[in-house]
Protein chains: 2
Amino acid sequence: MRAKVYVTLKRGVLDPQGKTVQRAVKSLGFKEVLEVRQGKYFELALPDDVAADRARQVVEEIARTVLTNTVIEDFRFELEEA
Amino acid sequence: MRAKVYVTLKRGVLDPQGKTVQRAVKSLGFKEVLEVRQGKYFELALPDDVAADRARQVVEEIARTVLTNTVIEDFRFELEEA
(Lines give C-alpha, C1' and ligand atoms only; values in the text may rest on other atoms or scores of the structure.)
Protein backbone atom coordinates (compact mmCIF):
# COMPACT_ATOMS: atom_id res chain seq x y z
CA MET A 1 0.00 0.00 0.00
CA ARG A 2 1.23 3.49 -0.76
CA ALA A 3 0.34 6.75 0.95
CA LYS A 4 0.77 10.14 -0.68
CA VAL A 5 1.08 13.02 1.75
CA TYR A 6 0.85 16.66 0.65
CA VAL A 7 2.09 19.37 3.00
CA THR A 8 1.26 22.98 2.20
CA LEU A 9 1.81 26.28 3.95
CA LYS A 10 -1.30 27.65 5.61
CA ARG A 11 -2.98 30.56 3.88
CA GLY A 12 -1.34 33.80 5.03
CA VAL A 13 2.06 32.26 5.76
CA LEU A 14 4.79 33.88 3.67
CA ASP A 15 6.36 31.59 1.06
CA PRO A 16 9.70 33.08 -0.07
CA GLN A 17 10.61 29.90 -1.97
CA GLY A 18 7.37 30.11 -3.94
CA LYS A 19 7.94 33.80 -4.60
CA THR A 20 11.39 33.06 -5.99
CA VAL A 21 9.98 30.43 -8.33
CA GLN A 22 7.27 32.88 -9.34
CA ARG A 23 9.86 35.51 -10.28
CA ALA A 24 11.84 32.94 -12.27
CA VAL A 25 8.70 31.91 -14.11
CA LYS A 26 7.80 35.52 -14.85
CA SER A 27 11.29 36.37 -16.08
CA LEU A 28 10.96 33.51 -18.56
CA GLY A 29 7.93 35.23 -20.04
CA PHE A 30 5.06 33.22 -18.57
CA LYS A 31 2.83 36.13 -17.72
CA GLU A 32 -0.16 33.89 -17.03
CA VAL A 33 1.15 32.77 -13.65
CA LEU A 34 -0.37 34.86 -10.86
CA GLU A 35 1.10 33.04 -7.89
CA VAL A 36 3.30 30.07 -7.01
CA ARG A 37 3.19 28.32 -3.64
CA GLN A 38 5.63 25.56 -2.82
CA GLY A 39 4.85 22.59 -0.62
CA LYS A 40 6.24 19.18 0.18
CA TYR A 41 5.22 15.81 -1.08
CA PHE A 42 5.93 12.41 0.48
CA GLU A 43 5.32 8.89 -0.70
CA LEU A 44 5.21 6.25 2.04
CA ALA A 45 5.31 2.53 1.30
CA LEU A 46 3.44 0.25 3.70
CA PRO A 47 3.03 -3.53 3.63
CA ASP A 48 0.16 -4.71 1.46
CA ASP A 49 -1.43 -6.65 4.34
CA VAL A 50 -1.97 -3.62 6.58
CA ALA A 51 -5.67 -2.93 7.08
CA ALA A 52 -6.85 0.33 5.50
CA ASP A 53 -8.05 1.66 8.87
CA ARG A 54 -4.69 1.01 10.50
CA ALA A 55 -2.84 2.49 7.52
CA ARG A 56 -4.98 5.60 7.69
CA GLN A 57 -4.27 5.94 11.42
CA VAL A 58 -0.51 5.45 11.02
CA VAL A 59 -0.16 7.82 8.07
CA GLU A 60 -2.29 10.48 9.77
CA GLU A 61 -0.09 10.37 12.88
CA ILE A 62 3.17 10.38 10.91
CA ALA A 63 1.96 13.29 8.79
CA ARG A 64 0.92 15.26 11.86
CA THR A 65 3.95 14.56 14.05
CA VAL A 66 6.85 14.18 11.61
CA LEU A 67 6.06 15.59 8.19
CA THR A 68 4.11 18.72 9.07
CA ASN A 69 4.89 21.75 11.20
CA THR A 70 1.26 22.23 12.21
CA VAL A 71 1.87 25.81 13.34
CA ILE A 72 2.37 26.98 9.76
CA GLU A 73 1.48 23.99 7.58
CA ASP A 74 -1.53 21.88 6.67
CA PHE A 75 -1.47 18.35 5.30
CA ARG A 76 -3.71 15.99 3.43
CA PHE A 77 -3.08 12.44 2.31
CA GLU A 78 -4.51 9.65 0.23
CA LEU A 79 -4.01 5.90 0.35
CA GLU A 80 -3.52 3.76 -2.74
CA GLU A 81 -3.70 0.01 -3.00
CA ALA A 82 -0.49 -1.31 -4.50
CA MET B 1 -7.53 28.18 -12.51
CA ARG B 2 -5.08 26.30 -10.32
CA ALA B 3 -2.40 23.84 -11.34
CA LYS B 4 -0.92 21.28 -8.97
CA VAL B 5 2.51 20.04 -9.94
CA TYR B 6 4.13 17.02 -8.30
CA VAL B 7 7.88 16.50 -8.73
CA THR B 8 9.37 13.17 -7.67
CA LEU B 9 12.81 11.61 -7.87
CA LYS B 10 13.15 9.02 -10.61
CA ARG B 11 13.22 5.43 -9.52
CA GLY B 12 16.79 4.48 -8.63
CA VAL B 13 17.90 7.98 -7.63
CA LEU B 14 19.08 8.08 -4.01
CA ASP B 15 16.86 10.09 -1.68
CA PRO B 16 18.83 10.92 1.50
CA GLN B 17 16.09 13.30 2.69
CA GLY B 18 13.50 10.54 2.42
CA LYS B 19 15.82 8.11 4.20
CA THR B 20 16.23 10.54 7.08
CA VAL B 21 12.48 10.91 7.42
CA GLN B 22 12.16 7.13 7.25
CA ARG B 23 14.61 6.73 10.14
CA ALA B 24 12.75 9.34 12.19
CA VAL B 25 9.48 7.54 11.55
CA LYS B 26 10.97 4.20 12.51
CA SER B 27 12.54 5.56 15.69
CA LEU B 28 9.07 6.76 16.71
CA GLY B 29 7.85 3.19 16.55
CA PHE B 30 5.97 3.10 13.25
CA LYS B 31 7.28 -0.21 12.03
CA GLU B 32 4.75 -0.39 9.21
CA VAL B 33 6.60 2.12 7.05
CA LEU B 34 8.83 0.34 4.54
CA GLU B 35 10.07 3.35 2.62
CA VAL B 36 9.72 7.12 2.45
CA ARG B 37 10.46 9.16 -0.67
CA GLN B 38 10.32 12.93 -0.61
CA GLY B 39 9.26 15.08 -3.50
CA LYS B 40 8.17 18.63 -4.19
CA TYR B 41 4.73 20.04 -4.65
CA PHE B 42 3.77 23.32 -6.32
CA GLU B 43 0.49 25.15 -6.65
CA LEU B 44 0.28 27.64 -9.51
CA ALA B 45 -2.52 30.17 -9.81
CA LEU B 46 -3.56 31.18 -13.33
CA PRO B 47 -6.26 33.60 -14.48
CA ASP B 48 -9.70 32.01 -14.76
CA ASP B 49 -10.09 33.08 -18.38
CA VAL B 50 -7.08 31.13 -19.67
CA ALA B 51 -8.15 28.34 -22.01
CA ALA B 52 -7.51 24.86 -20.65
CA ASP B 53 -5.29 23.98 -23.62
CA ARG B 54 -3.13 27.05 -23.11
CA ALA B 55 -2.96 26.45 -19.35
CA ARG B 56 -1.88 22.86 -19.92
CA GLN B 57 0.83 24.03 -22.34
CA VAL B 58 2.13 26.74 -19.98
CA VAL B 59 2.15 24.54 -16.89
CA GLU B 60 3.82 21.67 -18.75
CA GLU B 61 6.61 23.99 -19.95
CA ILE B 62 7.09 25.60 -16.52
CA ALA B 63 7.18 22.21 -14.84
CA ARG B 64 9.72 20.89 -17.33
CA THR B 65 12.02 23.92 -17.47
CA VAL B 66 11.80 25.47 -13.99
CA LEU B 67 10.35 23.09 -11.43
CA THR B 68 11.96 19.81 -12.44
CA ASN B 69 15.54 18.67 -12.89
CA THR B 70 14.66 16.23 -15.64
CA VAL B 71 17.94 14.35 -15.27
CA ILE B 72 16.89 12.94 -11.90
CA GLU B 73 13.25 13.94 -11.47
CA ASP B 74 9.86 13.25 -13.02
CA PHE B 75 6.79 15.46 -12.83
CA ARG B 76 3.07 15.21 -13.27
CA PHE B 77 0.41 17.86 -12.93
CA GLU B 78 -3.30 18.41 -12.85
CA LEU B 79 -5.45 21.45 -13.60
CA GLU B 80 -8.38 22.52 -11.46
CA GLU B 81 -11.07 25.02 -12.33
CA ALA B 82 -11.28 27.69 -9.62
Side-chain angles (χ1 to χ4, degrees), chain A residues 1-9 11 15 17-52 54-68 73-79 82, chain B residues 1-9 11 15 17-52 54-68 73-79 82:
Chain A
M1 193 180 290
R2 299 193 78 78
K4 297 178 172 182
V5 184
Y6 310 91
V7 179
T8 48
L9 287 168
R11 191 176 287 275
D15 179 8
Q17 210 170 359
K19 280 270 175 262
T20 301
V21 174
Q22 189 178 349
R23 269 198 301 273
V25 165
K26 221 163 219 165
S27 75
L28 288 171
F30 298 106
K31 292 174 178 49
E32 286 92 346
V33 177
L34 304 176
E35 191 189 16
V36 178
R37 306 268 297 167
Q38 178 157 4
K40 289 177 288 185
Y41 171 65
F42 299 90
E43 285 184 4
L44 279 62
L46 288 91
D48 289 336
D49 59 356
V50 173
R54 171 66 182 158
R56 198 173 303 278
Q57 186 188 16
V58 166
V59 173
E60 204 274 342
E61 193 166 344
I62 290 172
R64 189 165 37 78
T65 58
V66 183
L67 306 180
T68 306
E73 294 171 331
D74 290 320
F75 70 88
R76 65 190 165 85
F77 68 89
E78 52 204 37
L79 294 178
Chain B
M1 193 179 289
R2 300 193 77 79
K4 297 178 172 182
V5 184
Y6 310 91
V7 179
T8 49
L9 287 168
R11 191 176 288 274
D15 178 8
Q17 211 170 358
K19 280 270 177 261
T20 302
V21 174
Q22 189 179 348
R23 269 197 301 273
V25 166
K26 221 163 220 164
S27 75
L28 289 172
F30 298 105
K31 292 174 178 48
E32 285 93 344
V33 177
L34 304 176
E35 192 189 16
V36 178
R37 306 269 296 168
Q38 178 157 6
K40 288 178 287 185
Y41 171 64
F42 300 90
E43 286 184 4
L44 278 63
L46 288 91
D48 291 335
D49 58 356
V50 172
R54 172 66 183 158
R56 197 172 305 279
Q57 187 188 16
V58 166
V59 172
E60 204 274 343
E61 194 166 344
I62 290 172
R64 190 166 36 78
T65 57
V66 183
L67 306 181
T68 306
E73 294 170 330
D74 290 320
F75 70 89
R76 64 189 166 84
F77 68 90
E78 52 204 36
L79 293 178

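Side-chain atoms of Asp48(B) come within 3.5 Å of backbone atoms of Met1(B) as a donor-acceptor pair (strictly under, hydrogens ignored). When atom types are taken as modelled, the side chain of Thr68(A) and the backbone of Arg64(A) share no donor-acceptor pair closer than 3.5 angstrom.
When Val36(B), Val33(B), Ile62(B), Val66(B) are compared by the number of non-hydrogen pairs under 4.5 Å with chain A, Ile62(B) comes out ahead. Residue with the most contacts toward chain B among Arg54(A), Gln22(A), Gln38(A), Lys4(A): Gln38(A) (heavy-atom pairs, distance under 4.5 Å). Put simply, of Leu67(B), Leu34(B), Val58(B), Val50(B), the one with the most heavy-atom pairs under 4.5 Å next to chain A is Leu34(B). In terms of non-hydrogen atom pairs under 4.5 Å with chain A, the most contact-rich of Val5(B), Val25(B), Val59(B) is Val25(B).
For a residue to count as touching a neighbouring chain, one of its non-hydrogen atoms must lie under 4.5 Å from one of that chain's; by this rule Phe30(A) touches chain B with the side chain only.
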* To do: Show your working on salt bridge (Lys or Arg N to Asp or Glu O under 4.0 Å) between Arg56(A) and Glu60(A) and close with a plain yes or no.
  => CA-CA 6 Å; Arg56(A) 198 173 303 278; Glu60(A) 204 274 342; over 6 Å; no
* To do: Could you check Phe42(B) against Val21(A) for side-chain contact (heavy atoms from CB on, under 4.5 Å), going step by step and ending with a plain yes or no?
  => CA-CA 10 Å; Phe42(B) 300 90; Val21(A) 174; 4.3 Å; yes
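Taking the six-membered ring wherever Trp is involved, the centroid distance between the rings of Tyr6(A) and Tyr6(B) falls below 6.0 Å.
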